[in-house]
Amino acid sequence: MKNNKTMKIILPIVIVLALVGMYFVKNKESLKTSSDVETNVNSTEMANEDSEGDFSLDIESGLPKLEEYANAGLPAVIDYGSDTCQPCRLMEPEYKKFHEKMVGKAFVKYVDIDDNPDAAKEAPIQVIPTQIFYNADGTPFEPSKELREKYQLQMYNHKVTKKPMFTIHQGFLNEEQLLEIVKEMGVEQ
């Protein structure tokens, strides 16, 4: 009887461990594939750096100060996501195409919150992907009512001063939608 109780405890533990092991084995291949792609992207991004600012896509550590964007006189779009997030992975090719079209016209940055968790603390990130939009002068983008409703853009104001601090979108945006938003921000396409 004691042996039967032991089996009831050990068997579920063995099953859970087997499932966890299969998960890691399965994800090991996908992580390898994404790191190979990342290497190719980084070499392309280095070629995209310009004298007016850094137009590379990924932010490696911390966010550049908004003054840096404002000094270049270009708007900024920052996307917070993760390689482990399915909607983020679906958005990745769209965001890369958008980035390529915006080099020299706007700063388009991507922050992987798994690799850079402190950067996510600097903004109201509740879900990923989340995009934040800044005007060319470094102030938060204030969209028209129509654009705000169409894309469910949210504005966050300072508690005391009531001045806008962030304009965000939560969820997936495709290249066309991103281009429509930056067009209203004054970016010529």
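As a basis for the values below, the full set of heavy atoms in this structure was taken, side chains included, without hydrogen atoms, waters or symmetry mates. Numbering of residues begins at 1 and proceeds along the displayed sequence. On a predicted model such as this, the values are computed, not experimentally measured, just so you know.
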Would you name the heavy atoms of Asn157 and Pro164 that are closest together and state the gap between them? OD1-CA, 3.1 Å

Student check: side-chain heavy atoms of Leu173 and Glu94 closer than 4.5 Å: no

Would you mind telling me which of Lys150, Glu184, Glu149 makes a side-chain contact (heavy atoms from CB on, under 4.5 Å) with Ser144? Glu184

More than 12 foreign heavy atoms under 6.0 Å from NZ of Lys97: is that the case here? yes

Between Lys109 and Ser56, is any pair of side-chain heavy atoms under 4.5 Å apart? yes

Is the closest side-chain heavy-atom distance between Gln154 and Thr167 below 4.5 Å? no

State, yes or no, whether a side-chain contact exists between Leu153 and Ile168 at a heavy-atom distance under 4.5 Å. no

Gap between atom CD1 of Ile113 and atom CG of Asp83 - 0.5 Å precision: 11.0 Å

CG-OH distance between Leu90 and Tyr95, expressed to the nearest 0.5 angstrom: 16.0 Å

Check Ala123 against Ile132 and note the closest heavy-atom contact, atom names and distance. CB-CD1, 3.3 Å

State, to 0.1 Å, how close Tyr151 and His169 come at their nearest heavy-atom pair, and which atoms those are. O-CD2, 2.8 Å

For Pro143 and Leu147, the nearest pair of non-hydrogen atoms, with its separation, is CB-CD2, 4.1 Å

Can you name the one residue among Gln152, Gln131, Gln126 that meets side chain to side chain donor-acceptor pair (under 3.5 Å) with Gln170? Gln126

Please name the pair of heavy atoms, one in Ile78 and one in Val111, separated by the smallest distance, quoted to 0.1 Å. CG2-CG2, 3.8 Å

Give, for atom NZ of Lys101 and atom NE2 of His99, the distance between the pair rounded to the nearest 0.5 Å. 13.5 Å

Just so I know, are the side chains of Asp79 and Phe98 near enough to count as touching, which here means a heavy-atom distance under 4.5 Å? no

Just checking Gln189: does its CD atom have more than 12 heavy atoms from other residues, nucleotides or ligands closer to it than 6.0 angstrom? yes

In chain order, what residues pass the side chain to side chain donor-acceptor pair (under 3.5 Å) check against Lys121, with sequence neighbours excluded? Asp118

Output yes when Glu175 and Lys96 qualify as a salt bridge under the 4.0 Å nitrogen-oxygen rule, no when they do not. no

Check: Asn135 side chain, Pro140 main-chain N or O, donor-acceptor pair, under 3.5 Å: yes

Is Glu92 close to Tyr110 at the side-chain level, that is, under 4.5 Å between some pair of heavy atoms? no

So, Thr84 versus Asp114: side-chain donor-acceptor pair below 3.5 Å or not? yes

Report yes or no: does Thr161 contribute a side-chain atom to a donor-acceptor pair with the main-chain N or O of His158 at less than 3.5 Å? no

Correct closest heavy-atom pair for Pro129 and Cys85 would be CD-SG, 4.1 Å

Let me confirm one number: the CE-CD distance from Met185 to Glu142, rounded to the nearest 0.5 Å. 11.5 Å

With heavy-atom distances below 4.5 Å as the criterion, would you say the side chains of Met102 and Val187 are in contact? yes

Between Lys183 and Glu188, does any NZ, NE, NH1 or NH2 come within less than 4.0 Å of an OD or OE carboxylate oxygen? no

For the residue pair Pro124 and Tyr156, establish whether any side-chain heavy-atom pair is separated by less than 4.5 Å. yes

With side-chain contact (heavy atoms from CB on, under 4.5 Å) as the test, would you mind laying out the steps for Phe166 and Met155 before giving the verdict? CA-CA 6 Å; Phe166 299 100; Met155 298 187 66; over 6 Å; no

